[in-house]
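Because the structure is a prediction, the values reported are computed rather than measured. Lettering of chains follows the sequences in order, A, B, ..., and the numbering in each one begins at 1.
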2 protein chains.
Amino acid sequence: MPRPPKGVTIADVAARAGVSLSTVSRALNGNPTVDPVLAERVKDAAAALDYTASPVARSLVLGRTQTVAVVVPDLANPTFQAILRGLSRAAAADDYHVLVADSAESIDEERILAITTRRRTDGVILCAPRLDQAELDRLVGGLRPVVLINRSSGEVPTVRADYRAALAAELEHLRALGHRRIVFLAGTAQSVANAARLDAIGAFRAAHADTEITEIPCGVDFDAGASAAPAVLASGATASLAFNDLVAMGLLSAVQASGCRVPDDLSIVGFDDIPFASYTTPPLTTAAVPAGELGAQAWSRMRDLLEGAEARHPLLLLPRLTVRGSTGRARS
Amino acid sequence: MPRPPKGVTIADVAARAGVSLSTVSRALNGNPTVDPVLAERVKDAAAALDYTASPVARSLVLGRTQTVAVVVPDLANPTFQAILRGLSRAAAADDYHVLVADSAESIDEERILAITTRRRTDGVILCAPRLDQAELDRLVGGLRPVVLINRSSGEVPTVRADYRAALAAELEHLRALGHRRIVFLAGTAQSVANAARLDAIGAFRAAHADTEITEIPCGVDFDAGASAAPAVLASGATASLAFNDLVAMGLLSAVQASGCRVPDDLSIVGFDDIPFASYTTPPLTTAAVPAGELGAQAWSRMRDLLEGAEARHPLLLLPRLTVRGSTGRARS
DNA sequence: CTGTTAGCGCCTTCAA
DNA sequence: TTGAAGGCGCTAACAG
């Protein structure tokens, strides 16, 4: 089995084919100005030697690496996983590679990773960066080309899920079921995602004076949701809107464990529509952020930048409300 | 804000510091043979110009990229996500970058990605490759350094979860609860993971003639598990062992929907202990493959290879049985 | 159409 | 201790 005799260089191919380096380079890159006969001979030689041009050397001379960096706050987060997957596959389809970096929710790491990964790639995609707006604005300048996911900054291409609209849809859904006392389990206080949700809630309050929405500081994971159960039950609310599906599932599990029936006694809605959402008991009503699509679109934007295409306007993907068994009419 | 004036090269630093290129290189790389005074001057100049050596150029001349590739069959699979996360963080701690590639469960893609990503990195980590043994053996030769996760091939460093032992533990658990008729929901027939499970089942059968284990072809996701519910209920078994947690959750949901009580009528055990497993109703008994640890250990092996350290013997991580509410005594 | 010649940006012998 | 020169492997002008 002729495996890459590590070290075979363009010179070896040239020697074997009896031509110059440049001819090899041209032939292998499909340059039409090369004699078809020679081209064939070169390709045979290359194949015989199992030669492939060194990506590193090409990167240096061409000034591009065929690689983009993706900086993510936490690879364990299902939403980011889905984004990464959509992005990775879309990029692969365009023959680009993906360098992934996990900032572990650290703002400092995020900044550093963005800068260092950018140096070895052609562009960087920041996924839901945790940096505050001023720092983000400052950072992206030195990063270009850059694409933002779920954040925006000046003229930087952006793809976002419309959290506001999604929350509004969920609240409308609950209200239509007769719920007038709703409790919101808030996520990380300083997060942008949380701010968007509060924003939507504020708008809803203004539009519906008869509906009371109280807020309980909670968190973003299962345990946070489970821990919030007593407070939710004590609130007397007939429905609860969790920061995300993880929280909703934690809450669901905990309230059921204490005898509360869902949705008869309490309706629960989540957010994200993670794969597991349709398999809880009862299945969870939630809003789907099309995360894979978000990733694919982010790549599409990046590709435009790399090809020097004109910047398209920011994309706002509308999450889809998925009604399942965890919501029902308010108990009277 | 002095952001990278894109294009600042080592020559610029040399000029500003009034020294030669070599001195800059040496000073910035901490070479002790450079006059401390000059070194300081060089560093100041570099800082003033916001200079950092081009990783690509360094890669070319040094012959290493400070990057490793990870090839995964499916980024959407929670287990691979956890592995990737553990790996990525461990690598980052050693100042290495991670290039990630998703083969989309395609064997051809897997082979191609392994080869192409290897060329732009210092080594490749194959995560649960789907290639058959012969092809894998052939492939890894040209890939070195390479580390395998959940597969092995000759002397190639490997980290694996001991599926056999884990399954055995689950079966012993069920048997101890009095179950004598157990149904196994098989995963993808040709997969190595499935073979390991069947292997464990075979051993268990041999050791316990009084316990009947039947096998139902199923699949690896929620829907497969849900679809298998009728067959499971019809089998008359008092316990079922699902290929993984997703299958178990699908089954759990479907059997409950048809009035079957878990664990009173049917005990269910899963596999993987995905984060959601402890939040189903009832919580799922399962075996935990320490995926993050698997990733971290894979990196550790790779680092050894990169540093030319002596190869350590294959690592076999023992999954931990986590007993929760989905298993109970067999109904009489 | 093909070969020769310069680099891409950096590190590292080799002399001084 | 420092500088000059020669590559790392490849592509792209520039001649022929």
Take atom [atom1] of [X] and atom [atom2] of [N], then tell me their distance rounded to the nearest Å.
X: B:Leu28; N: C:dG9; atom1: CG; atom2: C1'; answer: 13 Å
X: A:Ile10; N: D:dG9; atom1: CD1; atom2: P; answer: 11 Å
X: B:Arg41; N: D:dT1; atom1: CZ; atom2: P; answer: 16 Å
X: A:Leu49; N: D:dG9; atom1: CG; atom2: C1'; answer: 15 Å
X: A:Arg64; N: D:dC10; atom1: CZ; atom2: C1'; answer: 13 Å
X: B:Leu60; N: D:dG6; atom1: CG; atom2: P; answer: 18 Å
X: A:Asn29; N: D:dG9; atom1: CG; atom2: P; answer: 17 Å
X: A:Leu21; N: C:dC1; atom1: CG; atom2: P; answer: 20 Å

Open item on the list: Treating A:Ser59 as the side-chain partner and A:Pro55 as the backbone partner, does any N or O pair qualify as donor plus acceptor under 3.5 Å?
Closed with: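 Judged by distance alone, yes, a pair lies under 3.5 Å.
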Open item on the list: Strictly distance-based, threshold 3.5 Å: is any side-chain N or O of A:Arg41 a donor or acceptor partner for the main-chain N or O of A:Ala17?
Closed with: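 Here the side-chain-to-backbone pair exists.
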Open item on the list: Is the shortest side-chain heavy-atom distance between B:Ser25 and B:Ile10 below 4.5 Å?
Closed with: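 Side-chain contact under 4.5 Å: yes.
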Task: Any side-chain heavy-atom pair of B:Val100 and A:Leu99 under 4.5 Å - done: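 No. Closest side-chain heavy atoms not under 4.5 Å.
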- [ ] Nearest-nucleotide wise, let me know which of B:Val61 and B:Arg26 is further upstream toward the 5' end of DNA chain D.
- [x]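 Comparing both residues, the 5'-ward one is B:Arg26.
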Task: Criterion salt bridge (charged side-chain N to carboxylate O under 4.0 Å, His left out) against B:Arg130, the qualifying member of B:Glu105, B:Glu135, B:Glu110 - done: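 Only one of B:Glu105, B:Glu135, B:Glu110 forms a salt bridge (charged side-chain N to carboxylate O under 4.0 Å, His left out) with B:Arg130, namely B:Glu105.
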Open item on the list: Base of C:dT4, side chain of A:Ser22 - is there a donor-acceptor contact under 3.5 Å?
Closed with: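 Under the 3.5 Å cut-off, the side chain and the base do form a donor-acceptor pair.
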Open item on the list: Using a heavy-atom cut-off of 4.0 Å across all strands, would you classify B:Val56 as base, sugar-phosphate, or nothing?
Closed with: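 Result for B:Val56 = nothing.
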Open item on the list: Any base atoms under 4.0 Å from B:Thr9, or only sugar-phosphate, or nothing? Heavy atoms, all strands.
Closed with: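 Sugar-phosphate: the residue B:Thr9, judged by heavy atoms under 4.0 Å, touches backbone atoms but no base.
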- [ ] Take B:Ser25 and A:Pro36, find for each the nucleotide of DNA chain C with the closest heavy atom, and name the residue whose nucleotide sits nearer the 5' end.
- [x]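 It is A:Pro36, whose closest nucleotide lies nearer the 5' terminus.
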TODO: Counting heavy atoms from C-beta on, name the nucleotide in C:dC10, D:dG9, D:dT1 closest to the side chain of B:Asp35.
DONE: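 So the nucleotide nearest the side chain must be D:dT1.
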- [ ] Taking only the side-chain nitrogens and oxygens of B:Ser20, find out if one of them lies under 4.0 Å from OP1 or OP2 of D:dG3.
- [x]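 Result: yes.
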- [ ] May I ask you to verify if any side-chain N or O of B:Thr23 is less than 4.0 angstrom from the OP1 or OP2 atom of D:dT1?
- [x]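 Checking B:Thr23 against D:dT1: no side-chain N or O falls below 4.0 Å of OP1 or OP2.
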